[in-house]
Enquirer: 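Handing you a structure now.
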Amino acid sequence: MNVLDYDVCAFSDNGQYMAAALSNRFIIKKHPFTGLHNTAAAVHAIDCLQWNVTSDLVLCTQLGKGVLQVYDMCSKNWKCTLTSGYFKFIAAQWIGRGKILLTLEFHVALGIFDIFTKSIMYIEVPKPIWPCVLFDNDGTHMFVVSKLNGYEKLLMLRSKNLDRIIYIQDIVGTCDGLNKSPDNRFLCVFNKQKLAIFNFLSGNIIGSVENLYLNTVSWAPNGEYLALGCSLGKIVVLASSNEFNVEIKLCRYSENKDYNFFMECNQVLIRTKPSENFINNVPTKIASIMWSFDSNYLSTYEVDSTFLCIWKNYKLICAVEFSSTIKHMQWCQSENKLSVVFGTNLIFFWSSKHIPKFLKSPKFVDGTCLLISNVSWSFNNRDMILTDGKKCLLFTI
């Protein structure tokens, strides 16, 4: 068991490295994440770490101080440092390999910083709607929802050039969010009542759904399916092969047989018959939907709920009742293995090959426990980052 205590940390996409920070001390660890690989001193205490898609650059943000730094894995040193001016940075994220999207205070403008040319291009967006911007994987095309003359429009830009304006006001009305399929083929625009799906590049509308009472959306990793989390615990699945018409509707209260049920009792999982709480409890709106890496499994839970549901082929195959409200769940990136945390020192594991089980988070050096609120997997399916929102643990199973 490998246990390390950090303020923030993040795995690289290729699974070979982990970036971590203790105050302003920046640390790189190489798999199996034991000894130090590289270290450096940042200008200020680091509050967030992000790897680029090629895992050779790390973005270190110190938003409270208005400073961004990029660490170069090749030169083993800081590649650049960027300090905000009159308007502070309120968010920063990678676009492709070498550009960073900067959201400025009050959403006055968006800035795109090229770390290789050390130049910034500002894009003024009148009255952008949050979340207002979405890029394709290589950072070539950008979609922005903006309110112009009282109407909400979807703007498609290539660099600074405006390619297309889509009047989404007449399609879905007001916009609550954008979501892109992982393969860059589709884009969905939605609010609580309506959702529309567009071809990502042509802008042509493919399908739409109404009267959803929508709370969350989730694309399958293969881009073939879109799952919608709605009120009363309903999950609606749309399929690209069906022109994104409704493929199936799922809801746990309509299922009453042929699934495994487990209950937590004194930090132990007990296989039993479904509890009355699970059967008779009125479902609330879906809080989170996640797909397995091969798009064959769905895991869901509701808002402020202790119930986890796992689905396969549109059937409920496993349900779990925890002792406290679920905080977060995450599937492995290359294996059908699910982890769930719920504000205790326990981590729930489920896989298609094994009986569900609990593992306890290791303790800190002072003997205190980490009450886990979030978990993320490395690509190797053995290492995890556990966090309570303030401190992080690297945990190897």
Side-chain angles (χ1 to χ4, degrees), residues 129-131 172-179 188-195 209-220 225-238 246 248-256 259 261-264 269 274-292 297-312 314-331 338-350 356 358 371-376 386-390:
I129 308 299
W130 187 91
V172 298
T174 58
C175 176
D176 289 341
L178 303 176
N179 206 303
C188 69
V189 181
F190 59 91
N191 56 35
K192 293 186 182 302
Q193 296 293 328
K194 294 182 179 180
L195 176 141
V209 189
E210 298 186 15
N211 301 319
L212 294 171
Y213 302 101
L214 184 63
N215 191 52
T216 185
V217 303
S218 177
W219 285 98
Y225 303 98
L226 176 62
L228 316 178
C230 308
S231 63
L232 295 178
K234 294 181 180 178
I235 304 107
V236 177
V237 179
L238 312 178
V246 175
I248 194 73
K249 293 182 179 180
L250 309 174
C251 190
R252 66 174 172 84
Y253 67 70
S254 64
E255 301 282 339
N256 54 17
Y259 62 91
F261 186 85
F262 296 85
M263 180 182 293
E264 178 195 349
L269 278 175
S275 67
E276 291 185 3
N277 287 338
F278 182 74
I279 295 174
N280 299 325
N281 179 272
V282 177
T284 58
K285 60 185 177 183
I286 297 294
S288 180
I289 302 175
M290 286 197 174
W291 295 85
S292 62
Y297 295 90
L298 267 178
S299 58
T300 65
Y301 63 87
E302 299 158 20
V303 172
D304 298 326
S305 175
T306 60
F307 299 121
L308 169 75
C309 293
I310 302 172
W311 314 78
K312 182 182 181 183
Y314 308 138
K315 291 183 179 180
L316 181 63
I317 61 171
C318 183
V320 183
E321 183 176 356
F322 298 106
S323 60
S324 56
T325 303
I326 297 172
K327 302 295 184 182
H328 186 73
M329 60 185 173
Q330 187 70 54
W331 287 90
L338 173 69
S339 60
V340 182
V341 293
F342 46 101
T344 70
N345 66 329
L346 297 176
I347 313 163
F348 170 82
F349 292 95
W350 180 92
F358 280 136
L371 303 181
I372 313 165
S373 61
N374 207 323
V375 58
S376 61
L386 311 176
T387 179
D388 62 357
K390 296 179 180 179

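Just so you know, residue 1 is the first one in the sequence shown, and it goes up from there.
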Enquirer: Is any side-chain heavy atom of Phe349 less than 4.5 Å from a side-chain heavy atom of Phe358?
Expert: no

Enquirer: With side chains defined as the heavy atoms from C-beta onward, is the minimum distance between Leu269 and Phe348 less than 4.5 Å?
Expert: yes

Enquirer: Quick check: closest heavy atoms across Ala287 and Asn215, and the distance to 0.1 Å?
Expert: CA-ND2, 4.0 Å

Enquirer: Under the criterion side-chain contact (heavy atoms from CB on, under 4.5 Å), I'd like the reasoning laid out for Cys318 against Tyr259: C-alpha separation, chi angles, the key distance, then a yes or no.
Expert: CA-CA 5 Å; Cys318 183; Tyr259 62 91; over 6 Å; no

Enquirer: Identify the heavy atoms of Phe278 and Ala319 that sit nearest to each other, and give their distance.
Expert: CZ-CB, 3.7 Å

Enquirer: To the nearest 0.5 angstrom, please state how far the CG atom of Leu214 sits from the CG atom of Asp176.
Expert: 8.5 Å

Enquirer: With sequence neighbours excluded, tell me which residues meet ring pair (Phe, Tyr, Trp, His ring centres under 6.0 Å) with Phe190.
Expert: none

Enquirer: Are Leu316 and Ile310 close enough, and set up right, to give a side-chain contact (heavy atoms from CB on, under 4.5 Å), and what steps lead you there?
Expert: CA-CA 6 Å; Leu316 181 63; Ile310 302 172; 5.7 Å; no

Enquirer: Would you name the heavy atoms of Leu298 and Ala227 that are closest together and state the gap between them?
Expert: CD2-CB, 4.3 Å

Enquirer: Is the side chain of Trp311 donor-acceptor paired with the backbone N or O of Ser299 at a distance under 3.5 Å, no angle test?
Expert: no

Enquirer: Does some side-chain heavy atom of Thr174 sit less than 4.5 Å from a side-chain heavy atom of Asn191?
Expert: yes

Enquirer: Please examine the side chains of Val320 and Met263, heavy atoms only from C-beta on, and report whether any two atoms are closer than 4.5 Å.
Expert: no

Enquirer: For residues Gly229 and Ile286, report the shortest heavy-atom separation together with the two atoms involved.
Expert: CA-CB, 3.6 Å

Enquirer: To the nearest 0.5 Å, how far apart are CG in Asp304 and OG1 in Thr325?
Expert: 5.5 Å

Enquirer: Enter the distance from Lys312:NZ to Ile317:CD1 here, rounded to the nearest 0.5 Å.
Expert: 6.5 Å

Enquirer: Roughly how far, to the nearest 0.5 Å, is CD1 of Ile372 from CG of Leu346?
Expert: 7.5 Å

Enquirer: Do Val209 and Lys194 make a side-chain contact, defined as non-hydrogen atoms from C-beta onward lying under 4.5 Å apart?
Expert: no

Enquirer: Please identify each residue that fulfils ring pair (Phe, Tyr, Trp, His ring centres under 6.0 Å) with Phe262, with sequence neighbours left out.
Expert: none

Enquirer: Can you name the residues that form a side-chain hydrogen bond (donor to acceptor under 3.5 Å, both in side chains) with Ser339, not counting sequence neighbours?
Expert: Trp377

Enquirer: If we count only N and O atoms by modelled type, under 3.5 Å, do the side chains of Ser376 and Gln330 hold a donor and an acceptor together?
Expert: no

Enquirer: Taking side chain as C-beta onward, heavy atoms only, is Cys188 less than 4.5 Å from Trp219?
Expert: yes

Enquirer: Residues in side-chain contact (heavy atoms from CB on, under 4.5 Å) with Tyr213, at least two apart?
Expert: Gln193, Ser231

Enquirer: Short question: side chain of Ser324, backbone of Phe342 - any donor-acceptor pair under 3.5 Å?
Expert: yes

Enquirer: Apply ring pair (Phe, Tyr, Trp, His ring centres under 6.0 Å) to residues Tyr297 and Trp350 and explain how you reach the verdict.
Expert: CA-CA 12 Å; Tyr297 295 90; Trp350 180 92; 5.4 Å; yes

Enquirer: State, without any angle test, whether Glu321 and Ser275 hold a side-chain donor-acceptor pair at a distance under 3.5 Å.
Expert: yes

Enquirer: Sort out for me which residue in Leu238, Val246, Ile289 forms a side-chain contact (heavy atoms from CB on, under 4.5 Å) with Leu228.
Expert: Leu238

Enquirer: Do Ser288 and Met329 make a side-chain contact, defined as non-hydrogen atoms from C-beta onward lying under 4.5 Å apart?
Expert: yes

Enquirer: What residues, two or more places apart in sequence or in another chain, satisfy side-chain contact (heavy atoms from CB on, under 4.5 Å) together with Ile326?
Expert: Tyr301, Leu308, Phe322, Val340

Enquirer: For Ile248, give me all partners under side-chain contact (heavy atoms from CB on, under 4.5 Å), at least two apart in sequence or on another chain.
Expert: Val237, Leu250, Tyr314

Enquirer: Could you please spell out the steps behind the side-chain contact (heavy atoms from CB on, under 4.5 Å) verdict for Val189 and Leu195?
Expert: CA-CA 6 Å; Val189 181; Leu195 176 141; over 6 Å; no

Enquirer: Taking all non-hydrogen atoms of both residues, which atom of Cys251 and which atom of Gly233 are closest, and how far apart?
Expert: SG-O, 3.7 Å

Enquirer: Do Glu302 and Arg252 touch side chain to side chain, with heavy atoms closer than 4.5 Å?
Expert: yes

Enquirer: At what distance, to the nearest 0.5 angstrom, does OG1 of Thr387 lie from NZ of Lys327?
Expert: 13.0 Å

